[in-house]
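Have a look at the structure below before the remarks.
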Number of protein chains: 2
Amino acid sequence: MDPLSATFSALADPTRRAILARLALGQTNVTELAEPFDMSLPAISKHLKVLERAGLISRGREAQWRPCTLQAAPMQEVSGWLESYRKFWEASLDRLDLYLQNLKAEETGNDK
Amino acid sequence: MDPLSATFSALADPTRRAILARLALGQTNVTELAEPFDMSLPAISKHLKVLERAGLISRGREAQWRPCTLQAAPMQEVSGWLESYRKFWEASLDRLDLYLQNLKAEETGNDK
DNA sequence: CCCGTATTTAACTATCAGGTTACATAAAGC
DNA sequence: GCTTTATGTAACCTGATAGTTAAATACGGG
């Protein structure tokens with residue numbers, strides 16, 4: 001799978017995004033990561049593998065713990081990809097803005 | 001499925017991203033969208049449905065054609081979500097930068 | 001060396017995603 | 001109304017995902 005697709009599909013799961021959010025607070029181990037979820041440990045282990053293969057986390061070894069660390073570089077790829085579309089959503093926001101302005105103008109009777 | 005997950009998973013497919021890239025050039029119909037792909041029309045139709053459900057395109061009606069239009073608003077959501085991680089990839093780039101500088105310094109014997 | 005803790009792997013199941021072909025529907029034009 | 005063109009839906013297949021439980025592995029400490 002191409003890297004961008006791997007990143008997008010890793011991010012397409014709320015559990016995995018929550019894991020990343022937790023890791024943004026600092027490196028931690030698997031059991032602690034699993035804590036908030038109503039899910040078996042192997043399930044979390046699989047999610048971690050997905051994140052790892054996408055390059056979004058790295059895993060070390062510290063005695064019997066496997067500390068996970070956030071690696072945000074792939075997100076930068078996503079951000080770069082998105083960039084070329086920015087003008088489109090900004091344009092549509094402008095249109096929305098315009099629409100809302102017209103709406104308001106009509107309401108107050110100031111519109112042509 | 002939550003909107004963010006829907007957007008990420010819609011974007012996790014190269015065919016769909018290519019469709020969006022085409023639509024960035026302007027609105028077009030299904031047959032023309034399908035043209036570059038070695039894939040049946042129903043397959044494209046399914047991809048379009050995924051994009052539509054994620055809110056990334058909208059479809060009109062013009063005689064027997066269904067013109068598709070890019071709707072980038074969900075990308076803005078993604079962009080917003082990514083924003084909170086920006087400092088992480090910027091930090092790691094800084095570390096990479098530092099690493100490369102050190103490497104260069106070592107090479108030229110100017111290090112430490 | 002055995003034990004407890006942390007984590008992964010194996011085997012299995014159910015659902016979903018992405019593709020196919022065949023058929024159905026929509027609209028225009030003769 | 002029939003035909004053509006454009007598109008969508010149905011039924012089906014295959015492989016991937018996401019979860020489960022049970023067993024295996026890795027490591028530190030008595």
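Numbers restart at 1 for each chain; the letters A, B, ... are given by sequence-line order, proteins then strands. Small disclaimer: the values here were computed from a predicted structure and weren't measured.
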Interface residues of residues 28-36 of chain B with DNA chain D (non-hydrogen, below 4.0 angstrom): B:Asn29, B:Val30, B:Thr31

Sub-4.0 Å heavy-atom contacts from residues 13-22 of chain A onto DNA chain D, ordered by number: A:Asp13, A:Arg16

Test log, rule side chain to side chain contact (heavy atoms under 4.5 Å, CB included), inputs A:Leu33 and A:Leu23: CA-CA 8 Å; A:Leu33 274 178; A:Leu23 289 178; 4.0 Å; yes

Roughly how many Å is it from [atom1] in [X] to [atom2] in [N], rounded to a whole number?
X: B:Arg66; N: D:dT5; atom1: CZ; atom2: C1'; value: 15 Å
X: B:Glu52; N: D:dT9; atom1: CD; atom2: P; value: 10 Å
X: A:Met39; N: C:dT7; atom1: CE; atom2: P; value: 17 Å
X: B:Met1; N: D:dT17; atom1: CE; atom2: C1'; value: 13 Å
X: B:Phe37; N: D:dT7; atom1: CZ; atom2: C1'; value: 17 Å
X: A:Leu41; N: C:dT8; atom1: CG; atom2: P; value: 8 Å
X: B:Leu51; N: D:dG8; atom1: CG; atom2: P; value: 12 Å
X: A:Ile44; N: D:dT20; atom1: CD1; atom2: C1'; value: 13 Å

Reading 5' to 3' through nucleotides 25-30 of chain C, protein heavy-atom contacts under 4.0 Å coded B for base, S for sugar-phosphate only, - for none: -SSS--

If you measure from [atom1] on [X] to [atom2] on [Y], what distance do you get to the nearest 0.5 Å?
X: B:Asp13; Y: A:Met1; atom1: CG; atom2: CE; value: 10.0 Å
X: B:Trp89; Y: A:Leu70; atom1: CH2; atom2: CG; value: 10.5 Å
X: B:Ser79; Y: A:Leu82; atom1: OG; atom2: CG; value: 5.5 Å

For [X] and [Y], which heavy atoms make the closest approach, and how far apart are they?
X: A:Arg61; Y: A:Pro67; value: N-CD, 4.0 Å
X: B:Glu52; Y: B:Arg59; value: OE1-NH2, 2.7 Å
X: A:Tyr85; Y: B:Ala72; value: O-CB, 4.2 Å

With 3.5 Å as the limit, what N/O pairs link the protein to nucleotides 9-13 of chain C?
| unit_1 | atom_1 | unit_2 | atom_2 | d |
| --- | --- | --- | --- | --- |
| C:dT9 | OP2 | A:Lys49 | NZ | 2.8 |

Electrostatic pair A:Glu83:A:Arg86 at N-O distance under 4.0 angstrom: yes

Selection residues 2-25 of chain B - residue pairs positive for ring-ring contact (aromatic ring centres under 6.0 Å, His included), sequence neighbours left out: B:Phe8-B:Trp81

Side-chain touch A:Leu56/A:Gln71, heavy atoms, less than 4.5 angstrom: no

Heavy-atom side-chain contact between B:Arg17 and B:Arg22 under 4.5 Å: no

Can you give the donor-acceptor pairs under 3.5 Å from side chains of residues 38-51 of chain A to other protein atoms, not counting sequence neighbours?
| unit_1 | atom_1 | unit_2 | atom_2 | d |
| --- | --- | --- | --- | --- |
| A:Ser40 | OG | A:Ala43 | N | 3.4 |
| A:His47 | ND1 | A:Arg16 | NH1 | 3.1 |

Distance below 4.0 Å between A:Arg59 side-chain N/O and C:dT8 OP1 or OP2: yes

Distance below 4.0 Å between B:His47 side-chain N/O and C:dG19 OP1 or OP2: yes

A:Phe37 and A:Ile19: CA distance, side-chain angles, deciding distance, side chain to side chain contact (heavy atoms under 4.5 Å, CB included) verdict: CA-CA 10 Å; A:Phe37 303 104; A:Ile19 289 176; 3.9 Å; yes

Criterion side chain to side chain contact (heavy atoms under 4.5 Å, CB included) on A:Leu20 and A:Leu11, from CA distance to verdict: CA-CA 9 Å; A:Leu20 293 174; A:Leu11 295 179; 3.4 Å; yes

